[in-house]
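Here's the structure we're looking at; comments come further down.
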Protein chains: 2
Amino acid sequence: MYTIKEVAEKMGVSEHTLRFWAKSGFFPFVKRNENNIRMFSEDDLNWVKIVKCLRSVGTENKAIKKYIDLCIVGDSTISERYKIIQATKQKALQQMEELKKQLDLLDFKEKFYQNLIENNLEDTWNPMNQNKVKNKAV
Amino acid sequence: MYTIKEVAEKMGVSEHTLRFWAKSGFFPFVKRNENNIRMFSEDDLNWVKIVKCLRSVGTENKAIKKYIDLCIVGDSTISERYKIIQATKQKALQQMEELKKQLDLLDFKEKFYQNLIENNLEDTWNPMNQNKVKNKAV
DNA sequence: GGTTGACTGAGAGTTACTCTCAAGTTTTAA
DNA sequence: TTAAAACTTGAGAGTAACTCTCAGTCAACC
């Protein structure tokens with residue numbers, strides 16, 4: 001059993017955020033000890049893990065709560081939960097594509113600046129230098 | 001030259017956000033026409049592109065403004081800008097790793113539910129079924 | 001000449017934290 | 001054994017980055 005601080009360290013989520021998530025109803029199974037302190041079980045850690053996963057791919061808290069409520073209802077909601085996970089995965093794949101594109105742009109920019117530095121060139125792409133003839137740039 | 005609406009469509013950023021970014025000083029070179037309407041040039045579109053890129057990898061607006069201010073200063077800040085782009089790229093690469101991990105978890109979950117559905121099994125991972133013996137699950 | 005449609009800025013509202021605080025326990029240290 | 005340090009708690013204020021609503025201006029069409 002783990003206190004909120006231990007969970008925060010273990011899972012890489014701040015204590016504040018964990019309390020906020022708890023208040024949002026994301027951990028309906030976390031028990032309190034005799035001093036009203038939350039004690040997270042191993043199973044609860046898995047809930048933290050899946051909540052963290054859903055959040056990190058941009059799922060809204062409202063939708064996460066919905067998913068958790070479906071879990072609470074029980075086995076009759078398995079196919080609905082399956083669809084949610086499927087859709088979330090598709091969204092994550094799209095994000096991967098988008099991130100790749102942005103990485104390409106950052107890579108281009110990096111090499112562009114590198115070239116300017118190594119060859120002591122002017123930044124002809126910068127609008128401040130609009131009057132100057134451009135070298136190969138975005 | 002493009003109006004804010006056209007830029008919004010072209011770049012996949014809402015008009016609201018573009019106005020917000022403009023007010024934040026992200027487009028210091030966008031001119032207005034005789035009716036006070038913002039007209040974006042091709043160069044301005046590239047600024048939108050780089051701002052969108054920095055935002056999408058989690059760069060704070062304050063830091064974006066700083067980068068833009070460095071651009072305005074001119075060529076003397078090239079090496080500083082180079083460092084910013086390098087650091088941003090590293091952050092993006094980390095995000096890629098994180099996203100891969102989350103995708104793996106979603107993939108596992110997807111297959112897990114698929115197995116439950118196909119074989120008509122109980123969701124023994126769900127804390128609601130804690131009393132039952134677990135099948136292979138997270 | 002009146003309505004439609006695009007644009008404007010100001011400002012209120014929203015999401016998801018993030019931080020501060022006072023109050024209660026508990027462990028450590030003198 | 002008592003005082004201080006180290007936890008935890010919930011309430012509530014603050015923040016970032018939008019997101020939306022609205023009143024007002026202006027040009028263009030019927």
Side-chain angles (χ1 to χ4, degrees), chain A residues 1-41 44-45 47-69 88 91 95 98 102, chain B residues 1-28 30-41 44-45 47-68 88 91 95 98 102:
Chain A
M1 302 296 255
Y2 308 94
T3 64
I4 214 163
K5 190 182 191 184
E6 288 161 344
V7 176
E9 267 170 34
K10 232 176 144 69
M11 308 299 288
V13 179
S14 81
E15 294 180 48
H16 289 308
T17 300
L18 286 171
R19 286 213 188 81
F20 175 74
W21 284 356
K23 200 163 61 178
S24 304
F26 290 178
F27 313 130
F29 304 110
V30 172
K31 301 284 188 297
R32 309 287 189 117
N33 73 5
E34 66 280 8
N35 294 317
N36 198 36
I37 307 288
R38 270 178 279 254
M39 300 304 291
F40 287 71
S41 69
D44 293 327
L45 287 192
W47 281 73
V48 175
K49 199 166 153 187
I50 189 75
V51 167
K52 193 191 169 189
C53 176
L54 292 174
R55 270 310 292 132
S56 78
V57 301
T59 310
E60 284 179 16
N61 287 4
K62 212 182 286 179
I64 292 177
K65 183 60 168 60
K66 212 168 170 181
Y67 175 79
I68 285 164
D69 288 344
T88 306
K91 219 173 66 176
Q95 280 173 33
E98 177 65 16
Q102 304 301 0
Chain B
M1 301 296 256
Y2 308 94
T3 64
I4 216 164
K5 190 181 192 185
E6 289 162 343
V7 176
E9 267 170 34
K10 230 175 145 72
M11 307 299 289
V13 178
S14 81
E15 292 181 49
H16 289 306
T17 299
L18 286 173
R19 285 213 188 83
F20 176 74
W21 284 355
K23 200 163 60 179
S24 303
F26 289 179
F27 313 130
V30 172
K31 301 284 187 296
R32 307 290 187 116
N33 72 7
E34 66 281 7
N35 295 317
N36 198 34
I37 307 289
R38 269 178 278 254
M39 301 305 290
F40 287 71
S41 69
D44 293 327
L45 286 191
W47 281 73
V48 176
K49 198 166 156 191
I50 190 75
V51 167
K52 194 191 169 192
C53 176
L54 292 174
R55 271 308 294 134
S56 79
V57 301
T59 310
E60 286 177 15
N61 287 6
K62 212 182 289 180
I64 292 177
K65 183 61 167 62
K66 212 168 167 180
Y67 175 78
I68 285 164
T88 307
K91 220 173 63 176
Q95 280 174 31
E98 178 64 18
Q102 305 300 0

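Predicted, not measured: the structure shown is a model, and the values here were computed from it. Naming convention: chains lettered A, B, ... in sequence-line order (proteins, then strands); numbering from 1 in each chain.
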Notebook entry, point to check: Are A/Phe40 and A/Phe27 close enough that their ring centers fall under 6.0 Å?
Noted result: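 Between A/Phe40 and A/Phe27, the centre distance is under 6.0 Å.
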For [N] and [X] - does any side-chain N or O of the residue sit under 4.0 Å from the phosphate oxygens OP1/OP2?
{"X": "B/Arg55", "N": "D/dC18", "value": "yes"}
{"X": "A/Arg38", "N": "D/dG10", "value": "yes"}
{"X": "B/Trp21", "N": "D/dC18", "value": "yes"}

Check: So A/Thr17 and A/Arg55, side-chain contact (heavy atoms from CB on, under 4.5 Å) or not? Walk me through it.
Finding: CA-CA 11 Å; A/Thr17 300; A/Arg55 270 310 292 132; over 6 Å; no
Student check: side-chain heavy atoms of [X] and [Y] closer than 4.5 Å:
{"X": "B/Ser41", "Y": "B/Met1", "answer": "yes"}
{"X": "B/Arg38", "Y": "B/Tyr2", "answer": "no"}
{"X": "B/Lys31", "Y": "B/Met39", "answer": "no"}
{"X": "B/Val51", "Y": "B/Ile68", "answer": "yes"}

Distance (rounded to the nearest 0.5 Å) between [X] [atom1] and [Y] [atom2]:
{"X": "B/Gln102", "Y": "B/Gln95", "atom1": "CD", "atom2": "CD", "result": "12.0 Å"}
{"X": "A/Ser24", "Y": "A/Lys65", "atom1": "OG", "atom2": "NZ", "result": "9.0 Å"}
{"X": "B/Tyr67", "Y": "B/Thr88", "atom1": "OH", "atom2": "OG1", "result": "8.5 Å"}
{"X": "A/Leu54", "Y": "A/Lys49", "atom1": "CG", "atom2": "NZ", "result": "13.0 Å"}
{"X": "B/Ile37", "Y": "B/Arg32", "atom1": "CD1", "atom2": "CZ", "result": "8.0 Å"}

Margin query: Quick check on contacts: within residues 56-66 of chain A, what sits under 4.0 Å from DNA chain D by heavy-atom distance?
Written below: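 Residues of residues 56-66 of chain A under 4.0 Å from DNA chain D: none.
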Next item on the list: Mind running a 4.0 Å heavy-atom check of residues 1-15 of chain A against DNA chain D and sending the residues that fall below it, in number order?
Entry: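 Residues of residues 1-15 of chain A under 4.0 Å from DNA chain D: A/Thr3, A/Ile4, A/Lys5, A/Glu15.
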Scan nucleotides 23-27 of chain D against the protein and return all N/O pairs shorter than 3.5 Å with their distances rounded to 0.1 Å.
| residue | atom | partner | partner atom | Å |
| --- | --- | --- | --- | --- |
| D/dC26 | O3' | B/Asn35 | OD1 | 3.4 |
| D/dA27 | OP1 | B/Asn35 | OD1 | 3.1 |

Check: Can you pull the salt bridge (Lys or Arg N to Asp or Glu O under 4.0 Å) pairs that have at least one residue in residues 4-28 of chain B, sequence neighbours excluded?
Finding: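 Applying salt bridge (Lys or Arg N to Asp or Glu O under 4.0 Å) to every pair that reaches into residues 4-28 of chain B, excluding sequence neighbours, yields B/Glu15-B/Arg19.
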Next item on the list: Could you list where the contact with chain B starts and ends along DNA chain C, reading 5' to 3', using a 4.0 Å heavy-atom cut-off?
Entry: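 It runs C/dA6 to C/dG9.
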Tell me the interatomic distance from [X], atom [atom1], to [N], atom [atom2], rounded to whole angstroms.
{"X": "A/Asn33", "N": "D/dC7", "atom1": "CG", "atom2": "P", "result": "16 Å"}
{"X": "B/His16", "N": "D/dC22", "atom1": "NE2", "atom2": "P", "result": "12 Å"}
{"X": "B/Lys23", "N": "D/dA17", "atom1": "NZ", "atom2": "P", "result": "14 Å"}
{"X": "B/Phe20", "N": "D/dA17", "atom1": "CZ", "atom2": "C1'", "result": "5 Å"}
{"X": "A/Lys31", "N": "D/dT9", "atom1": "NZ", "atom2": "P", "result": "16 Å"}

Notebook entry, point to check: Has A/Lys66 got more than 12 heavy atoms of other residues, nucleotides or ligands less than 6.0 Å from its NZ?
Noted result: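 Result for NZ/A/Lys66: open.
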Notebook entry, point to check: More 5' along DNA chain C: A/Phe26 or B/Asn36, using each one's nearest nucleotide?
Noted result: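 Going by which nucleotide is closer to the 5' end, it is B/Asn36.
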Margin query: Checking the side chain of B/Lys52 only, and the main-chain atoms of B/Val13 only, is there a donor and an acceptor separated by less than 3.5 Å?
Written below: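 Judged by distance alone, no pair lies under 3.5 Å.
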Next item on the list: Find the bend of the helix from C/dG1-D/dC30 to C/dA30-D/dT1 as the angle between its two terminal axes (five pairs each), to the nearest 10°.
Entry: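 Taking five pairs per end, the axes differ by 10°.
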Margin query: Over 60° means perpendicular and under 30° means parallel, so tell me whether A/Phe29 and A/Trp47 are parallel, tilted or perpendicular.
Written below: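 Correct class here is perpendicular.
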Item checked: Member of A/Leu18, A/Ile50, A/Ile64 meeting the side chain to side chain contact (heavy atoms under 4.5 Å, CB included) criterion with A/Phe26 ->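 For A/Phe26, the side chain to side chain contact (heavy atoms under 4.5 Å, CB included) check succeeds only for A/Ile64.
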